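Quick note on labels: first sequence line is chain A, next is B, and so on, each numbered from 1. These numbers come from a predicted model, not from an experiment.
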Amino acid sequence: MTPAADIPNADENALFENLRLELRRGGLVLAVLGQLRSEHYGYTLRKALAERGLPVDEGTLYPLLRRLETQGLLASEWREEDKREKRFYRLSLAGQRVVRQLDAEWRGLNASIARILEDE
Amino acid sequence: MTPLIDRYLHNVGASLPSDRRDDIVRELAEDIRAQVADREEALGRTLTEDEQEAVLKHFGHPLALATRYGPQRHVIGPALFPVYWMTLKIALGGALAVNVAIAIAWLVTGSPVGRAAGHLASFPFTIGVTVFGWITLIFALLDLNLPRLLEHAWADLKVVALPRPEGKGRRWTLLAEIVGGTIFLLWWLSIPRSPVLLFGPAAAFLAPAPIFDKLYVPITVIWLASLVVLWAVLLRPDWARVRTIGRFITDTLSLVLALILLRTEAVVQLAPGVEATDKLVDVVRFINAQARIVVLIWILATTWQILQSAYRIVTASSTDR
């Protein structure tokens, strides 16, 4: 093994960006599921997430909603609100159970990582 | 909806699966409409085309957005990719080494330079592409069946390859290689003065063919070089990489020699002054035929060793990173 060399700045930034996205990916699923414990349509869901400090691109959110629905974690329906047809999403029963488990997992992981980082 | 937004949605829809197209486009249209309405209300006027474009840019390129709705596809997934990449490098490196050896063999045996250069120049488009294609196809099929294969492998732990610990025997093997190699070198260096060492009693009527004189010095140099590498590793065990690279080079050179020998009509001939009776000519022919078989085995064994060395070089550099 060669000793760890200093990474050039551009590579370090790209590496950080990759790791950041990786870290965010799993968290984003949990955040969306958590937010959908109350019913939302896409636009208000995005606003609610952004207000809580988690802005999400439309190009990420809408395909994610469809994927979670295909997996049976969300249920959706088209309904009229303010004279406009909107697609409303909410957690399915399976989704509610999974969110509870993921919530516990997240809190445990978060506490462990916090302890590890504090030790350093 | 404005023409710009309509065009954007049309382009997204064109790349979506037809059974979900209308539903997805309708949902995206509603989000865009809501965003535009919010901004227009905040500004107290309608949005300019540039401002609408800025809204659409958040959604991303129409094709990129549509692709995200599809299933996540890959030919070779992240689990297999490192092994695939390593195998590809080894196979392409090994194939290149063998083809360079063939080109050098042609040059040494007097083939035109153009033939050797043409052979090497066509490598990426012929052998290179074929190697790439087959390896990719095999790994793609493996990837399809990976979960099942892993389950089988996990059921029988013996088939899971675990790295073998370095034993003390390694040093003794190295010493044995040095001793054997030195004895061979001494024998080899004595042959020009005493051909009996090569042919035994048959030296009375057999002699090496002219190719022997041509290859004598290169074989001696390659053998000396491999002995030097072995000594270096014995004295500096931390130079394992030197051994692997050294072996790769000496094996490639030795493959060149083997290929030259394969192109040679005869490796032995009747000794000068010996009458060419039918029986002796048959004996010489038989020995040359046997020698060709030995050379073929030598080529196969050396090619295998080159691939092994290439594998070690690649895995060592992966570990270093």
Chain A neighbours within residues 55-66 of chain B, where any heavy atom lies under 4.5 Å away: B:His58, B:Phe59, B:Leu65
Neighbour count >12 (heavy atoms, 6.0 Å) for atom CZ, A:Arg107: no
OH/B:Tyr69: more than 12 non-hydrogen atoms of other groups inside 6.0 Å: yes
Toward chain B, the part of A:Thr60 with a non-hydrogen atom under 4.5 Å: both
Side-chain ion pair, B:Glu30 and A:Arg87, N-O less than 4.0 Å: no
Heavy atoms from other residues, nucleotides or ligands near CH2 of A:Trp78 exceed 12 (cutoff 6.0 Å): yes
Salt bridge (Lys or Arg N to Asp or Glu O under 4.0 Å) evaluation trace for B:Arg68 with A:Asp57: CA-CA 12 Å; B:Arg68 287 182 183 164; A:Asp57 283 346; 5.8 Å; no
B:Arg26, part contacting chain A, at a heavy-atom distance under 4.5 Å: both
Partner chain A: residue of B:Asp23, B:Leu28, B:Ile24 with the largest heavy-atom pair count (under 4.5 Å): B:Asp23
CD (B:Glu41) with more than 12 external heavy atoms under 6.0 Å: no
Among A:Lys86, A:Glu85, A:Arg66, the one residue meeting side chain to side chain contact (heavy atoms under 4.5 Å, CB included) with B:Glu27: A:Arg66
Residues, nucleotides or ligands: over 12 heavy atoms within 6.0 Å of A:Gln71 CD: yes
A:Arg37, CZ atom: more than 12 neighbouring heavy atoms under 6.0 Å: no
